[in-house]
Amino acid sequence: MRSAAARPVNVKPQGKRYYPTPALEKGLDILELFASNPEGMTVSEVARRLNRTMSEIFRMLLCLEHRGYLAQSASKDRYHLTLRLFRLGQEHPPTKRMVTEALPVMHAVAHKLRQSCHLGVLDGGHVVILAQVDSPESTGFYVKVGSKVDLMHAATGHVILAHQTPDACERAIQEWVRETDKKKPADLDDHLEKIRSRGYERRASYEVTGVVNISFPVLNSQGNAIAGLTVPYVKRIEDTVSVQEIIDALSEASRQISEAMGASTEEPLQKPSDAPKKSSRSKK
């Protein structure tokens, strides 16, 4: 979104017929203003910045809050954007394009690693699975397309949070707090920093014993995570593919999808310290 400085409502787009809609423009001005002020704003601050009266701004804020675009802070003195605009964006063709770009890469990963993989995005206090490719083996762990997982119980969600801007990350966490009525986990900041440092998440499943989730971010042109690519690794008795090989394959796969979405990923997404010194396979 563009920066939302106060502007008169009678500015006309060049070369196009224009029919003023003051109420709509007022609402868009407010949304654009909040988009450039992630720390949130009070009613008086919004009125002053947009050169509007307190009463008309207050009515607009109530409407936007009712529709889910704005939310109040815990102290009730400030408003801030929710992720509703982000969720609307997920229904936009770029999201379908991401799935289209991701699926061939995911099929190659599943075939190479003999493991399933899935692609997820944030949706309020949850992660929604957009795409899933099964393992070619008869056994494995699978996640259904369209299923929702609690943000704090999802490696996919954590890897996305760790690779977003601090403001976007905090907004997502606060929305989870509001939806679940739970407190932010005390160790979350340290955990996200560790993910950020190594470039990916590797952690035992929060919900299923014996599954280790390995997740890499899918980045946009600004270098921020828009999705997470995850392999729920299940160790089979006859497996010859090592965890490090899974990490390497996911790193390359997430790089390919990120580049397709406009990201510049000249360097591998995993940190050099995580890369193996030489290629090896685990013994049976």
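Everything quoted here is computed from the prediction, not taken from an experiment. Count residues from 1 along the sequence. Reckoned from all heavy atoms, side chains included, excluding hydrogens, waters and symmetry mates.
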S.K.: Any side-chain heavy atom of L50 sitting closer than 4.5 Å to one from L33?
M.R.: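 When only atoms from C-beta onward are counted, L33 and L50 do touch, with a gap below 4.5 Å.
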S.K.: Would you mind reporting whether M41 and H80 have side-chain heavy atoms less than 4.5 Å apart?
M.R.: no
S.K.: Do you know which two heavy atoms are closest between M98 and L119, and how far apart they sit?
M.R.: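 That would be CG-CD2, 4.2 Å.
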S.K.: With a 4.5 Å heavy-atom cut-off, do R97 and M261 have their side chains touching?
M.R.: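 Counting from C-beta outward, R97 and M261 do come under 4.5 Å.
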S.K.: Donor-acceptor check, side chain of R84 to backbone of R67, threshold 3.5 angstrom: yes or no?
M.R.: yes
S.K.: Between H158 and Y206, is the ring centre distance below 6.0 Å?
M.R.: yes
S.K.: What is the minimum heavy-atom distance between S44 and M54, and which atoms define it?
M.R.: CA-SD, 3.4 Å
S.K.: Can you tell if the side chain of T82 reaches within under 4.5 Å of the side chain of L70, non-hydrogen atoms only?
M.R.: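 Sidechains of L70 and T82: no contact.
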S.K.: How long is the span from the OH atom in Y233 to the CG atom in L113, to the nearest 0.5 Å?
M.R.: 10.0 Å
S.K.: What I'd like to find out is whether the side chain of K182 reaches to under 4.5 Å of the side chain of M152, using heavy atoms alone.
M.R.: no
S.K.: Calculate, to the nearest 0.5 Å, the distance between atoms OG1 and CD1 belonging to T100 and I257 respectively.
M.R.: 11.5 Å
S.K.: Heavy atoms, side chains only, cut-off 4.5 Å: are V212 and K235 in contact?
M.R.: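 Not in contact.
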S.K.: Over all heavy atoms of both residues, which pair between G120 and I160 is shortest? Give the atoms and the distance, please.
M.R.: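 Closest approach of G120 to I160, heavy atoms only: O-CD1, 3.6 Å.
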S.K.: Taking the six-membered ring for Trp, are Y79 and F34 parallel (under 30°), tilted (30 to 60°) or perpendicular (over 60°)?
M.R.: perpendicular
S.K.: Distance-only, no hydrogens or angles: does the Q256 side chain make a donor-acceptor pair with backbone N or O of V105 under 3.5 Å?
M.R.: no
S.K.: Over all heavy atoms of both residues, which pair between A131 and V99 is shortest? Give the atoms and the distance, please.
M.R.: CB-CG1, 4.1 Å
S.K.: Verify, without hydrogens or angle tests, whether S135 (side chain) and R114 (backbone) share a donor-acceptor contact under 3.5 angstrom.
M.R.: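 Pair found, side chain donor or acceptor close to backbone of R114.
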S.K.: Carefully, step by step, assess E65 and L61 under the rule side chain to side chain contact (heavy atoms under 4.5 Å, CB included).
M.R.: CA-CA 6 Å; E65 181 184 16; L61 294 183; over 6 Å; no
S.K.: Taking the side chain as every heavy atom from C-beta outward, state whether R202 and N213 have any atom pair closer than 4.5 Å.
M.R.: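 Not in contact.
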S.K.: So which atom in Q132 and which in S116 form the shortest heavy-atom distance, rounded to 0.1 Å?
M.R.: NE2-CB, 3.7 Å
S.K.: If you measure from the Lys or Arg side-chain nitrogens to the Asp or Glu carboxylate oxygens, is any gap between K112 and E245 under 4.0 Å?
M.R.: no
S.K.: Kindly indicate, with the supporting measurements, whether the criterion side chain to side chain contact (heavy atoms under 4.5 Å, CB included) is fulfilled by I214 and T230.
M.R.: CA-CA 6 Å; I214 302 171; T230 301; 6.0 Å; no
S.K.: Output the distance between atom CG (N37) and atom CG (L81), rounded to the nearest 0.5 Å.
M.R.: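 That separation rounds to 9.5 Å.
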S.K.: Working note: R78 + E45, criterion salt bridge (Lys or Arg N to Asp or Glu O under 4.0 Å); need CA distance, chi angles, decisive distance, verdict.
M.R.: CA-CA 9 Å; R78 306 178 77 81; E45 288 172 339; 3.2 Å; yes
S.K.: Begin from the C-alpha positions of I30 and Y69 and carry the test side chain to side chain contact (heavy atoms under 4.5 Å, CB included) through to its verdict.
M.R.: CA-CA 11 Å; I30 291 172; Y69 291 96; over 6 Å; no
S.K.: Establish whether V145 and V109 are linked, either directly or via other cluster members, by ILVMFWY side-chain heavy-atom contacts under 4.5 Å.
M.R.: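 No, because V145 and V109 fall into different hydrophobic clusters, even though each may have its own neighbours under 4.5 Å.
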S.K.: For the pair H66 (side chain) and L62 (backbone), establish whether a donor and an acceptor sit closer than 3.5 Å, ignoring hydrogens and angles.
M.R.: no
S.K.: When rounded to the nearest 0.5 angstrom, what is the spacing between CG in D123 and CD in E179?
M.R.: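 Answer rounded to 0.5 Å: 7.5 Å.
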S.K.: Could you check whether R198 makes a cation-pi contact with Y200, meaning its NZ or CZ is under 6.0 Å from the centre of the six-membered ring and within 45° of the ring axis?
M.R.: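 Yes; both conditions hold, so R198 lies above the ring face of Y200.
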S.K.: What do the steps show when you test T165 against D167 for side chain to side chain donor-acceptor pair (under 3.5 Å), and what is the final call?
M.R.: CA-CA 5 Å; T165 65; D167 289 331; 5.5 Å; no
S.K.: Roughly how far apart are L28 CG and M60 CE, rounded to 0.5 Å?
M.R.: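 CE of M60 is found 8.5 Å from CG of L28.
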S.K.: How many angstroms lie between CD in E170 and CD in Q164, if you round to the nearest 0.5 Å?
M.R.: 12.0 Å
S.K.: Please give me the minimum heavy-atom distance between L229 and S254, naming the atom from each residue.
M.R.: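 Shortest heavy-atom separation between L229 and S254 comes out as CD2-N, 4.0 Å.
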S.K.: Could you tell me whether the side chain of N220 and the main chain of Q222 form a donor-acceptor pair under 3.5 Å?
M.R.: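 Yes.
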S.K.: One pair to check against side chain to side chain contact (heavy atoms under 4.5 Å, CB included): Q115 and E137. What are the steps and the verdict?
M.R.: CA-CA 8 Å; Q115 299 280 339; E137 302 291 342; over 6 Å; no
S.K.: Can you check whether S258 reaches R255 side chain to side chain, under 4.5 Å on heavy atoms?
M.R.: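 No - every pair of side-chain heavy atoms lies 4.5 Å or more apart.
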S.K.: List the steps, then state whether salt bridge (Lys or Arg N to Asp or Glu O under 4.0 Å) holds for E56 with R59.
M.R.: CA-CA 5 Å; E56 62 179 329; R59 291 194 299 271; 5.6 Å; no
S.K.: Indicate, with yes or no, if L122 and V149 share a hydrophobic cluster defined by side-chain heavy-atom contacts under 4.5 Å among Ile, Leu, Val, Met, Phe, Trp and Tyr.
M.R.: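 No, V149 and L122 fall in different hydrophobic clusters.
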